[in-house]
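See structure below.
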Amino acid sequence: MSGKRTRSFKCAVHQRDREVCSENDFHILTREPPLFERMVRVIADEFLTDERDRKYYADHYKCCPPPFFIFLITLLEVLCFAYYAVSMGEVSASGPVPIDSPFIYRPDKRIEIWRFFLYMVLHAGWLHLLFNILVQVLVGLPLEMVHGSLRIGAVYMAGVLAGSLGTSVFDGDVYLVGSSGGVYALLAAHLANVLLNYNSMEFGVVRLIGIFIVASADVGFAVYDRYAAEQMGPQVVVSYVAHLTGALAGLTIGLLVLKNFEQKLHEQLIWWAALGVYTASTLFAILYNLAH
């Protein structure tokens with residue numbers, strides 16, 4: 001072991017892994033790995049905290065089944081935006097906003113339950129759509145590759161539902177569009193991973209600061225759009241309440257379902273606290289809407 005940095009020792013290790021047969025073949029180890037392998041290793045380093053998990057994931061991930069959820073949601077949002085842009089003849093940083101769409105969340109049509117979910121496919125302009133797509137692809141897609149489509153789909157849709165339910169309770173006069181609830185659920189789920197494991201993650205503190213800066217800027221714009229910008233007709237907003245409640249859903253549901261936390265937190269107080277917070281908040285919002 002004292003000679004573990006020597007050529008012969010490295011050769012012996014890789015010969016055990018059947019990567020080389022002799023020292024004469026050792027030069028093949030210096031060849032650049034394929035792009036897919038490099039991408040998988042980067043994702044493992046960024047989104048997994050335990051070195052053994054990183055090694056196992058990088059060696060065994062084959063993209064089968066592929067991460068289809070984020071691709072499907074993103075494609076659906078782009079197609080809906082394109083459809084309403086063509087039908088309404090408008091494309092701008094803040095439009096079009098299809099007031100009469102059967103998907104938009106409206107307080108006067110809360111009995112149509114699908115609106116609590118499908119408002120996510122509509123966006124208030126290309127700038128809003130672009131931000132959500134970038135976060136979904138840069139954060140959501142790697143998370144889906146690590147944790148699977150079912151788990152990430154649960155986190156995303158929990159954030160979407162929390163966004164509409166929270167808006168209906170705390171800001172009940174607005175029309176709601178955008179997938180910000182789901183997007184912030186993904187951000188918060190990743191934030192929970194970084195918070196619990198920042199000591200073992202490279203540049204953990206830097207990541208925390210970066211996430212907070214991006215999220216704070218976006219939420220600040222949503223607050224401005226809600227209260228400072230003048231609105232004509234029905235108030236259609238990118239709700240800051242949906243941002244915050246979606247993030248809360250991501251924190252709680254992320255702690256419940258993501259692979260990083262299952263073994264560490266199951267049967268511990270924080271796991272049950274997360275379950276209780278999400279369940280109580282959701283039930284309260286549902287009962288509030290039923291009462292109104």
Side-chain angles (χ1 to χ4, degrees), residues 44 46-54 56-57 67 69-70 73 113 116-117 120 135-136 139-140 142-171 179-201 204-205 207-209 211-212 215-216 219 239-291:
E46 292 291 329
F47 290 88
L48 290 172
T49 57
D50 186 82
E51 185 60 35
R52 290 171 297 180
D53 292 340
R54 293 172 180 169
Y56 183 86
Y57 175 81
F69 178 79
I70 294 297
I73 290 295
I113 299 175
F116 284 88
F117 293 94
M120 68 179 182
V135 176
Q136 285 176 186
V139 177
L143 281 174
E144 186 176 358
M145 292 174 66
V146 172
H147 299 285
S149 299
L150 185 60
R151 297 169 188 267
I152 295 304
V155 172
Y156 190 90
M157 296 309 298
V160 170
L161 178 61
S164 56
L165 287 176
T167 300
S168 69
V169 174
F170 297 106
D171 200 9
S179 60
S180 296
V183 167
Y184 271 74
L186 296 177
L187 275 176
H190 181 50
L191 177 63
N193 185 25
V194 177
L195 280 172
L196 292 177
N197 303 284
Y198 73 94
N199 285 328
S200 58
M201 299 185 76
V205 176
R207 296 185 195 191
L208 288 176
I209 295 174
I211 293 174
F212 276 121
S216 299
V219 172
S239 176
Y240 70 94
V241 177
H243 289 66
L244 300 177
T245 54
L248 176 62
L251 281 172
T252 54
I253 296 298
L255 291 174
L256 295 175
V257 305
L258 295 189
K259 293 179 181 178
N260 297 47
F261 311 124
E262 283 182 335
Q263 296 178 354
K264 297 179 182 178
L265 298 179
H266 188 57
E267 296 183 355
Q268 294 185 20
L269 178 60
I270 190 173
W271 193 92
W272 292 103
L275 177 62
V277 168
Y278 182 78
T279 303
S281 300
T282 303
L283 285 177
F284 170 78
I286 292 174
L287 292 175
Y288 178 89
N289 279 276
L290 290 174

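- Residues T245 and L165 have side chains not in contact (no heavy-atom distance under 4.5 Å, counting atoms from C-beta outward).
- The shortest distance between side-chain heavy atoms of F284 and V169 falls below 4.5 Å.
- Contact record, V183 with Y156: N-CE1, 4.0 Å, taken as the closest heavy-atom pair.
- Residues that satisfy the ring-ring contact (aromatic ring centres under 6.0 Å, His included) test with F116, not counting sequence neighbours, are Y105.
- Here CZ of F69 is found 15.0 Å from CZ of R151. Values are rounded to the nearest 0.5 Å.
- Side-chain contact check for V155 versus H147: every heavy-atom pair is 4.5 Å or farther apart.
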Can T252 and L275 be said to form a side chain to side chain contact (heavy atoms under 4.5 Å, CB included), step by step? CA-CA 7 Å; T252 54; L275 177 62; over 6 Å; no

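- At distances below 3.5 Å, at least one donor-acceptor pair connects side-chain atoms of S164 with backbone N or O atoms of L161.
- Here the closest non-hydrogen pair linking A249 and A158 is CB-O, 3.7 Å.
- We find the CD-OG distance between Q136 and S179 to be 4.5 Å, quoted to the nearest 0.5 Å.
- Residue L283 places its CG atom among more than 12 non-hydrogen atoms of other residues, nucleotides or ligands, all under 6.0 Å distant.
- No more than 12 heavy atoms of other residues, nucleotides or ligands shown are found within 6.0 angstrom of CD1 on I113.
- The two residues N289 and S168 come nearest to each other via the heavy atoms ND2-OG, 2.9 Å.
- In plain terms, the two heavy atoms of V160 and F117 that are nearest each other are CG1-O, 3.4 Å.
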Discussion item. Checking I70 against L186 for the side chain to side chain contact (heavy atoms under 4.5 Å, CB included) test, could you report, in this order, the C-alpha distance in whole Å, the side-chain angles of both residues, the deciding distance, and whether it holds?
Written reply: CA-CA 11 Å; I70 294 297; L186 296 177; 4.1 Å; yes

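- Interatomic distance, CG of L251 versus OH of Y278, reported as 12.5 Å (0.5 Å rounding).
- Across P67 and S149, no two heavy atoms sit closer than the pair CA-OG, 3.9 Å.
- The distance from the CG atom of L143 to the CD1 atom of I152 is 4.5 Å, given to the nearest 0.5 Å.
- The two residues A247 and A188 come nearest to each other via the heavy atoms O-CB, 3.1 Å.
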